[in-house]
Amino acid sequence: MDRIDIALLDQMQQDSQISLNLLSDKVGLSPSACHRRIKLLERSGAIERYVARLDNRKIGMQLDVFVEIRLTAQTEQSFTAFESAVHQIGEILECHLMSGEADYRLRVAARDVADYDDIHRNCLARLPGVAAMHSAFAIRAIKKWSGYPVKRLLD
């Protein structure tokens, strides 16, 4: 990956709907060369997919909850069963295998506390192998994720 690929990724993270002509101007390529580079980044998997980023509050998902999960067993079978079940729950936005006290940290979206109670009782509590759950409610997002710092790859 060279500086032009990094510039493309940086620009596309900021606005994935940027026109090819404007993008090619910003990175100093012809539109056809820019298009070829983007296709190579897509084929390599550096660009996984294109999505719309929604404002959670404007769509009625007022609550972000971070849930730490500890499993009853630390076996490949219990990890696999848990991870497979997590993929079936749309309200779980993210799931990370962690080091430290918790085995997993989830980010869950809910409309409000009552909605989270329903998700907790009917989804999270039914995940296989859960020994303990600890929930923390986000009060306000100070900085939302907006992409990887790809310019650091130039250092």
Side-chain angles (χ1 to χ4, degrees), residues 1 5-27 34-35 37-39 41-72 74 78-155:
M1 194 170 301
D5 289 334
I6 291 167
L8 283 168
L9 293 173
D10 187 50
Q11 290 296 318
M12 292 179 75
Q13 280 191 126
Q14 293 175 43
D15 180 6
S16 66
Q17 291 190 311
I18 188 171
S19 73
L20 187 59
N21 287 336
L22 184 55
L23 181 59
S24 62
D25 284 346
K26 286 185 179 240
V27 300
C34 187
H35 184 259
R37 291 264 193 150
I38 291 169
K39 291 300 172 195
L41 289 166
E42 291 170 350
R43 280 195 292 277
S44 76
I47 298 174
E48 289 182 10
R49 62 189 175 128
Y50 299 92
V51 297
R53 187 162 166 198
L54 307 179
D55 184 317
N56 63 309
R57 296 195 182 273
K58 290 184 180 173
I59 63 166
M61 301 300 279
Q62 302 294 322
L63 201 56
D64 260 339
V65 185
F66 295 91
V67 183
E68 291 187 341
I69 304 277
R70 213 169 13 103
L71 298 182
T72 55
Q74 306 293 308
S78 56
F79 288 143
T80 300
F82 178 84
E83 291 170 12
S84 178
V86 160
H87 283 283
Q88 305 308 311
I89 302 172
E91 292 83 359
I92 298 175
L93 305 179
E94 297 177 47
C95 175
H96 299 271
L97 178 63
M98 304 297 291
S99 64
E101 187 92 10
D103 293 311
Y104 293 93
R105 179 172 290 160
L106 312 178
R107 182 172 158 234
V108 176
R111 290 186 304 266
D112 52 31
V113 174
D115 188 38
Y116 178 68
D117 180 49
D118 181 61
I119 294 165
H120 186 276
R121 289 173 185 263
N122 297 307
C123 300
L124 302 180
R126 295 180 183 176
L127 288 168
V130 173
M133 278 191 285
H134 299 281
S135 302
F137 297 91
I139 296 168
R140 178 171 46 98
I142 307 305
K143 180 180 179 183
K144 290 186 177 186
W145 187 81
S146 63
Y148 289 99
V150 293
K151 289 181 180 179
R152 288 193 56 82
L153 299 173
L154 295 172
D155 294 343

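FYI, side chains are in, hydrogens and waters are out, and symmetry mates aren't considered; it's all heavy atoms of this structure.
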Any sub-3.5 Å donor-acceptor pair from [X]'s side-chain atoms to [Y]'s backbone N or O?
| X | Y | answer |
| --- | --- | --- |
| D64 | A138 | no |
| N56 | M61 | yes |
| S24 | L20 | yes |
| E68 | R105 | no |

Answer with yes or no whether the side chains of Q11 and D15 bring together a donor and an acceptor at under 3.5 Å.
no
Between [Y] and [X], is there a side-chain heavy-atom distance shorter than 4.5 Å?
| X | Y | answer |
| --- | --- | --- |
| F82 | I69 | yes |
| M1 | L9 | yes |
| F79 | Q74 | yes |

If you draw a 6.0 Å radius around [atom1] in [X], do more than 12 non-hydrogen atoms from other residues or ligands fall strictly inside?
| X | atom1 | value |
| --- | --- | --- |
| F137 | CZ | yes |
| R121 | CZ | no |
| Q17 | CD | no |
| K144 | NZ | yes |
| I59 | CD1 | yes |

Minimum heavy-atom separation for [X] to [Y], with atom names?
| X | Y | result |
| --- | --- | --- |
| A85 | P128 | CB-CD, 3.5 Å |
| M98 | Y104 | CG-C, 3.9 Å |
| I6 | V150 | CG2-O, 3.3 Å |
| V86 | I92 | CG1-CG2, 4.0 Å |

Under the criterion side-chain contact (heavy atoms from CB on, under 4.5 Å), I'd like the reasoning laid out for L124 against V130: C-alpha separation, chi angles, the key distance, then a yes or no.
CA-CA 9 Å; L124 302 180; V130 173; over 6 Å; no
Within this structure, what is the [atom1]-[atom2] distance for the pair [X] and [Y], rounded to the nearest 0.5 Å?
| X | Y | atom1 | atom2 | answer |
| --- | --- | --- | --- | --- |
| I119 | I89 | CD1 | CD1 | 9.5 Å |
| H120 | S135 | NE2 | OG | 4.5 Å |
| E42 | I38 | CD | CD1 | 7.0 Å |
| C34 | L23 | SG | CG | 4.0 Å |
| L154 | D10 | CG | CG | 9.0 Å |
| Q13 | I47 | CD | CD1 | 9.5 Å |

The side chain to side chain donor-acceptor pair (under 3.5 Å) partners of R111 (sequence neighbours excluded) come to D115
